[in-house]
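Read through the structure below, which is laid out as structure tokens, and then see the notes.
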Amino acid sequence: MIDLRRLRSEPEFVLAALGRRGIDLAPVEQVLELDRQQREAARRRDEVRNQVRTISADVGRLFKEGRKDEAGALQAQSRALGEQEKALDAEAEALSERIRTALLVIPNLPHADAPDGASEADNPELRKVNFDPDGYGPHQRVPHWEIGKELGILDLERGAKLSGSMFVMYRGGGAALVRALIQLGLDRNADAFEEIRPPTLVRTETMISTGHLPKFADDAYHVERDDLWAIPTAEVPLTSLARDEVLDEADLPSRFMAYTPCYRREAGSAGRDTRGLLRVHEFDKVEILAYATAAQAPALLVEMVGRAEATIAGLGLAYRVIEICTGDMGQSHHRSFDIEVYAPGVDQWLEVSSISWFSDYQARRANIRYRPTGEDGAPGKGTEILHTLNGSALAVPRVWAAVVETHRRPDGQIAVPEMLRPYLGGRELLSAGPSR
RNA sequence: GGAGCGAUGGCAGAGCGGACGAAUGCAGCCGCCUUGAAAGCGGCCGGGCCGAAAGGCCCCGGGGGUUCGAAUCCCCCUCGCUCCGCCA
């Protein structure tokens, strides 16, 4: 969530920044007013509490000295003050709760350099790589679901039979290709990121930390009986790794990666991109994440985009990098880039990675801090909220689709990109038949 | 799933109704001593909120209750450990 103190001290700045997102600012102004009321109530409560404490100490002393009558009188007085304190506390608490609820749905401030814009249409394209619209032959203009069926590596009918539409099943070489892509995604980042295998069912607090709850509850699978949520991305458990912890500045940046299945109800996108692998309820993804100081974050963001990009390029795919404008940013984002891969069979640009800097927005929700290092190398004073960044290193289904479509040969077989061969036992081709 | 025990500062660990935000030890930091280091000695050493400051308030796993007063008593929850059961 945004910094309430900053909202209080620089309201014009915060309102202007949020205004760039094109959202309704009334709730933000309301928080400002509630905050004024809350502090006043808390101040009055604290005064009364102080009196109660002082009197109670006196009561104890008087009892010890055997002055029971005087003590009894003070007890009565303190009891009355206690009633008052209770009422003031309830008032302050109610206000805090309203503020917290409102704050949870107010989005992050966009970075000053994030481009202005109202929607997806205003996202500037930063670069387009490897793309020649006329360079694709008719053999590549076949959608992956047809290729998958022809080669027996993708079985959409049976996926739907088991779990319903938008659940998919890979088989044979297709399943091996999934595993190969996961392994590739991990290996390419293992030089700098510690691998984590987190739980994929998490508690409500864990979903709140990243901003996936309360606002987007309809998009997530919820296991009612145990009150657990199926993670929509490894970002969720990775961000909460350090929840309620205080790290040392010397340990930053701290980097983690995880392969996990990801679960999404896609409630808001019914009927869109429903064919094949374009949008599915369960998919595999390798995620990379960093905890950092504010100063370290910009360079990390560039590095993480570069990592995701290099993997896509290494697979011989055409792609473009776009920056997300203020009107299209996710709630928690401070600055964000997408990588879209071109899939010739469906003739579409598919989002395969979104790399974002969250400033301290998530870390404030998750209460992740660090102890700054002083100039002399000794631990500095106090603690600061750190910054989080994360992005997909490799999202399997769409990359799978682009690989299969891009590398389909005129004879219908798939030429395995060189980078992937070690992960497929050295195989150079995926074909139909027993060796598939 | 059943039974029992536990949760206190970076760690270990006292406290079990009234100067307790919390003894003590270890770790850390700063001085003294030393050619340097160790040892020794002295000092410092949790976090959050409000406030210009002085200062005030909150936090002993979480929530509720009893009391003039709760780390301490009661209730609920969560987590951990041990034993039994079950199990890939």
Side-chain angles (χ1 to χ4, degrees), chain A residues 1-10 31-100 103 197-209 223 225-229 237 240-252 254 360 363-386:
Chain A
M1 58 194 134
I2 61 167
D3 185 359
L4 180 59
R5 270 183 292 181
R6 186 161 194 202
L7 175 62
R8 190 186 300 147
S9 61
E10 307 172 52
V31 166
L32 224 32
E33 176 51 32
L34 289 171
D35 176 54
R36 266 190 288 275
Q37 296 173 14
Q38 195 278 333
R39 278 182 302 154
E40 175 57 22
R43 194 186 55 74
R44 282 168 30 213
R45 176 200 59 201
D46 287 355
E47 269 173 28
V48 175
R49 260 187 195 161
N50 181 235
Q51 292 176 41
V52 170
R53 287 174 59 122
T54 309
I55 293 172
S56 292
D58 288 342
V59 171
R61 195 171 21 248
L62 290 171
F63 268 124
K64 267 188 194 145
E65 293 169 6
R67 296 152 72 182
K68 290 218 170 73
D69 291 353
E70 293 169 68
L74 280 183
Q75 278 184 349
Q77 193 187 342
S78 182
R79 199 174 301 132
L81 282 170
E83 295 301 314
Q84 225 186 92
E85 189 240 290
K86 217 172 230 173
L88 284 168
D89 185 49
E91 187 188 336
E93 270 313 303
L95 285 163
S96 294
E97 188 51 39
R98 284 177 67 188
I99 291 170
R100 209 182 72 88
L103 234 33
R197 176 43 252 233
T200 54
L201 293 178
V202 300
R203 313 177 130 165
T204 299
E205 305 100 87
T206 306
M207 291 282 279
I208 286 178
S209 294
V223 183
R225 187 164 151 157
D226 298 291
D227 193 18
L228 290 169
W229 300 81
S240 281
L241 277 192
R243 190 166 73 216
D244 295 322
E245 293 184 21
V246 181
L247 312 180
D248 284 327
E249 182 173 357
D251 295 331
L252 300 176
S254 184
D360 55 5
R364 181 169 294 105
R365 285 173 172 243
N367 190 28
I368 311 173
R369 293 165 295 167
Y370 70 94
R371 199 178 301 284
T373 307
E375 286 161 38
D376 47 359
K381 289 195 70 175
T383 58
E384 298 200 31
I385 311 260
L386 52 71

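In what follows, every chain begins at residue 1, and chains take the letters A, B, ... in the order their sequences are listed. Values below: every heavy atom of this structure, side chains too, minus hydrogens, waters and symmetry copies.
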message: What I want to check is whether the side chains of A:Glu33 and A:Gln37 have a donor and an acceptor closer together than 3.5 Å.
response: yes

message: Quick check on RNA chain B: between A:Val246 and A:Gly82, whose nearest nucleotide comes earlier from the 5' end?
response: A:Val246

query: Are A:Arg371 and A:Glu249 close enough that some pair of their side-chain heavy atoms sits under 4.5 Å apart?
result: no

- prompt: Under 4.0 Å between a side-chain N/O of A:Arg371 and OP1 or OP2 of B:G47, yes or no?
  reply: yes

message: Distance check needed: B:G61 P versus A:Asp244 CG, whole Å only.
response: 15 Å

- request: Pull out every residue in residues 38-51 of chain A that has a heavy atom closer than 4.0 Å to any atom of RNA chain B, ordered by number, or say none.
  value: A:Arg39, A:Asp46, A:Arg49, A:Asn50

field: Spacing of the C1' atoms in B:A22 and B:G9 (rounded, Å)
entry: 9 Å

query: What integer number of Å spans the C1' atoms of B:G43 and B:G48?
result: 27 Å

query: Looking at A:Glu47 and A:Arg43, does any basic side-chain N land under 4.0 Å from a carboxylate oxygen?
result: yes

Student check: side-chain heavy atoms of A:Arg49 and A:Asp89 closer than 4.5 Å: yes

- prompt: Which nucleotide in the list B:C79, B:C58, B:C68 gets nearest to the side chain of A:Arg203?
  reply: B:C79

- prompt: Does A:Arg79 or A:Lys64 map to a spot on RNA chain B nearer the 5' end, using the closest nucleotide for each?
  reply: A:Lys64

